Amino acid sequence: AIQASEHLHIYTLSPVMAASNSAGMMTKDDQEEQMAGSNLRLAVLSRQLQPRIDAEQAVCAMLGRQLCLAPLHPTLGKDPTFPQATTAALFPPSVSDALDLAALLSPEEQAVRERVRVYMEKEVAPIMAGFWERAEFPHHLLPGFAKLNLAGGTIKGYGCPGMSVMANAMAVIEMARVDCSMSTFLLVHSYLAMLTIGLLGSEEQKTELLPGLASFKLVGCWALTEPSNGSDAAALTTTATKVPGGWMLNGRKRWIGNGTFADVTVVWARNSETQQVNAFIVHKGTPGFTPTKMQNKIALRMVQNADMLFESCFVADTARLPGVDSFKDTNKVLAISRIMVAWQPVGVCMGVYDVCARYVKERQQFGSPLGGFQLVQERLVRMLGNVQAMFLMTWRLSKLYEEGRMSHEQASLVKAWTTLRGREVVSLGRELLGGNGILGDFNVAKAFCDLEALYSYEGTYDINVLVAGRGLTGSAAIKAPGKKGGAQVQA
């Protein structure tokens, strides 16, 4: 039998069930005739839908669910239980550039931005709410994602694109505009794992790993944070002990994005002889290495964060990254990754503004569109102003880096400020959507939650403010009460 909702295009295919349900009322000939008719309709339907369902079919089979298609055009973004506004499955046009900030971009940067925007709106927007709700990563998107040629970012050679920092930033904001989890996946893979290998690895490590990471045949992650050491990352306790032929790793890591399925993990550990921090490559399946998925997150739910246990985990001498001699070497990587994290709230807020701008034109109350009310317009203008300022700050920070003049204090200032203003934008967007502001279907609730993660990772708001404050005053305020001097931090 075919049960079809004209509006949602959801199909349940079960001829055997239909035949059994009617068996008590129909003769055998009638049942056979109905079965033949059902099979014919199934064949026609299969030919019509097959091009759209292959990827979704694979996912549904993996999940053990009935085939459930994303809504198809022209009903994409339409919910028959709430036809008064369009959901984010059909992502709205970009209308957040009030000051023509796109004119600041080069043709290359604009081309990257447009390429990523089209992909995210077409491939990610229709499915993101479901994957976010289930806290699952859409692995089936990786082949298409690889064709965007983004992995490796600024790295030249080894199959990497060698793009400018600004071009990379445009990819980040367009991904975050639609779904922040996908932008975080790329950030961890490209601007942490790959960048560490590209900047600090041996030629052999680069040749062995970067081409596969660039094509997404391999996925990378970056293991620095520990259960006992978050902001105080320099005091990490995971150890690396020299043994014949290699190193023995022992310790725990936490909040490691991509960690449950990554093929390559860059692990930061303290050398038990020198007491300096070194870095090592650990491959998936290495004995003594156990990643476990963290459960019950309310933010970046598609990102698979892991707790990691290293228990007498042996890696060969060739696994150590020769360019890492101390914790300070993390800054060579974090200098770029922090720029990208500062851009993420810009993209998130662009997407929230775009959704809200469409919503207040469609949704009516008291006989008028919401956009005609003064308080609604005030919130929209405040959101839009923040987006312009956030873009300009991160644009300038990226230019300073490209000119070789960016300081860690400047990066911390901008990251702290964009996440703070981003919180305001998503909060205003949540207000504008009323009850729909707590539904993932309209993107704003999802962005509201995701922004909380951005506010805390790559240095919490408070840590980044204190790093910036150190640059202003010359005094380090990150220290334990009663102790002299400031603590070493990730900046």
Side-chain angles (χ1 to χ4, degrees), residues 184 187 191-192 196 222-238 251-257 268-270 275-277 279 299 324-346 349 386 389-390 392-401 403-427 451-491:
T184 297
L187 188 148
Y191 308 117
L192 289 176
T196 301
W222 203 75
L224 175 65
T225 301
E226 299 182 350
S228 57
N229 299 88
S231 296
D232 190 14
L236 63 86
T237 60
T238 298
R252 293 180 180 273
K253 298 292 182 179
R254 187 165 174 82
W255 291 112
I256 310 307
W268 300 82
R270 190 171 303 282
Q275 295 304 304
Q276 294 296 326
V277 173
V324 179
D325 296 315
S326 72
F327 182 80
K328 290 183 179 180
D329 291 313
T330 62
N331 286 329
K332 298 174 183 178
V333 179
L334 294 173
I336 295 181
S337 68
R338 187 157 293 157
I339 295 172
M340 298 305 155
V341 173
W343 275 107
Q344 281 187 295
V346 185
C349 293
N386 277 340
M390 293 163 68
L392 284 169
M393 284 191 73
T394 42
W395 176 84
R396 183 58 185 151
L397 182 69
S398 301
K399 287 298 182 183
L400 286 171
Y401 180 87
E403 296 166 4
R405 300 194 293 125
M406 186 197 80
S407 69
H408 295 303
E409 289 78 12
Q410 289 170 330
S412 290
L413 168 68
V414 175
K415 194 273 180 178
W417 195 84
T418 59
T419 54
L420 182 66
R421 294 279 72 83
R423 264 181 143 190
E424 180 183 10
V425 171
V426 298
S427 180
L451 210 294
E452 290 302 295
L454 304 187
Y455 189 73
S456 297
Y457 74 15
E458 285 274 358
T460 65
Y461 171 81
D462 288 342
I463 290 294
N464 277 300
V465 163
L466 293 176
V467 170
R470 181 183 64 193
L472 293 174
T473 65
S475 298
I478 306 172
K479 56 186 177 183
K483 291 188 177 182
K484 296 181 179 180
Q488 187 179 12
V489 297
Q490 283 177 240

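Fair warning: this is a prediction, and the values are worked out from it, not measured in the lab.
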Output all residues satisfying side-chain hydrogen bond (donor to acceptor under 3.5 Å, both in side chains) with Thr419, sequence neighbours left out; order by chain, then residue number.
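By the side-chain hydrogen bond (donor to acceptor under 3.5 Å, both in side chains) rule, Thr419 matches no residue at all.
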
Suppose we screen for side-chain hydrogen bond (donor to acceptor under 3.5 Å, both in side chains). Which residues come up paired with Arg270, at least two apart in sequence or across chains?
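Once residues adjacent in sequence are excluded, Arg270 has no partner under the side-chain hydrogen bond (donor to acceptor under 3.5 Å, both in side chains) criterion.
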
Which pair of non-hydrogen atoms, one from [X] and one from [Y], has the smallest distance, and what is that distance?
{"X": "Gly422", "Y": "Cys349", "result": "CA-SG, 3.4 Å"}
{"X": "Ile463", "Y": "Ser231", "result": "CG1-OG, 3.5 Å"}
{"X": "Thr394", "Y": "Thr418", "result": "CG2-CG2, 3.8 Å"}
{"X": "Tyr457", "Y": "Lys415", "result": "O-NZ, 2.7 Å"}
{"X": "Asn229", "Y": "Thr225", "result": "O-CG2, 3.7 Å"}
{"X": "Glu458", "Y": "Ser337", "result": "OE2-OG, 3.1 Å"}

Approximate separation, where rounding is to 0.5 Å, of [X] [atom1] and [Y] [atom2]:
{"X": "Leu413", "Y": "Met393", "atom1": "CG", "atom2": "CE", "answer": "4.5 Å"}
{"X": "Leu397", "Y": "Ser412", "atom1": "CG", "atom2": "OG", "answer": "9.5 Å"}
{"X": "Arg338", "Y": "Gln410", "atom1": "CZ", "atom2": "CD", "answer": "13.0 Å"}
{"X": "Asn386", "Y": "Arg423", "atom1": "CG", "atom2": "CZ", "answer": "14.0 Å"}
{"X": "Thr460", "Y": "Leu466", "atom1": "OG1", "atom2": "CG", "answer": "8.0 Å"}
{"X": "Ile339", "Y": "Leu400", "atom1": "CD1", "atom2": "CG", "answer": "9.0 Å"}

So, Trp268 versus Thr330: side-chain donor-acceptor pair below 3.5 Å or not?
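Absent: no donor and acceptor within the cut-off.
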
Taking atom types as modelled, is there a side-chain donor on Ser398 or Trp343 under 3.5 Å from an acceptor on the other?
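A pair is found: one side chain offers a donor N or O, the other an acceptor, under 3.5 Å apart.
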
Partner set under ring-ring contact (aromatic ring centres under 6.0 Å, His included) for Tyr461, not counting sequence neighbours
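Only Tyr455 meet the ring-ring contact (aromatic ring centres under 6.0 Å, His included) criterion with Tyr461.
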
Ala335: partners by side-chain contact (heavy atoms from CB on, under 4.5 Å), with sequence neighbours left out
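So Ala335 forms a side-chain contact (heavy atoms from CB on, under 4.5 Å) with Tyr401, Met406, His408.
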
Any residue meeting side-chain contact (heavy atoms from CB on, under 4.5 Å) with Asp325, in chain and number order, not counting sequence neighbours
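Applying side-chain contact (heavy atoms from CB on, under 4.5 Å) to Asp325 gives Arg320, Asp329.
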
Side chain to side chain contact (heavy atoms under 4.5 Å, CB included) between Ile478 and Val467: does it pass, once the steps are laid out?
CA-CA 8 Å; Ile478 306 172; Val467 170; 4.3 Å; yes

Phe327 and Leu224, any side-chain heavy atoms less than 4.5 Å apart
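The answer is yes, as the side chains (C-beta and beyond) meet within the 4.5 Å cut-off.
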
Over 12 foreign heavy atoms within 6.0 Å of CZ, Arg252
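It does not: Arg252 CZ has 12 such atoms or fewer within range.
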
How would you list, by chain and number, every residue that makes a salt bridge (Lys or Arg N to Asp or Glu O under 4.0 Å) with Glu424, sequence neighbours excluded?
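Checked Glu424 against salt bridge (Lys or Arg N to Asp or Glu O under 4.0 Å); matches are Arg382, Arg421.
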
Any salt bridge between Lys253 and Glu226, counting N to O under 4.0 Å?
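Answer for the salt bridge query: yes.
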
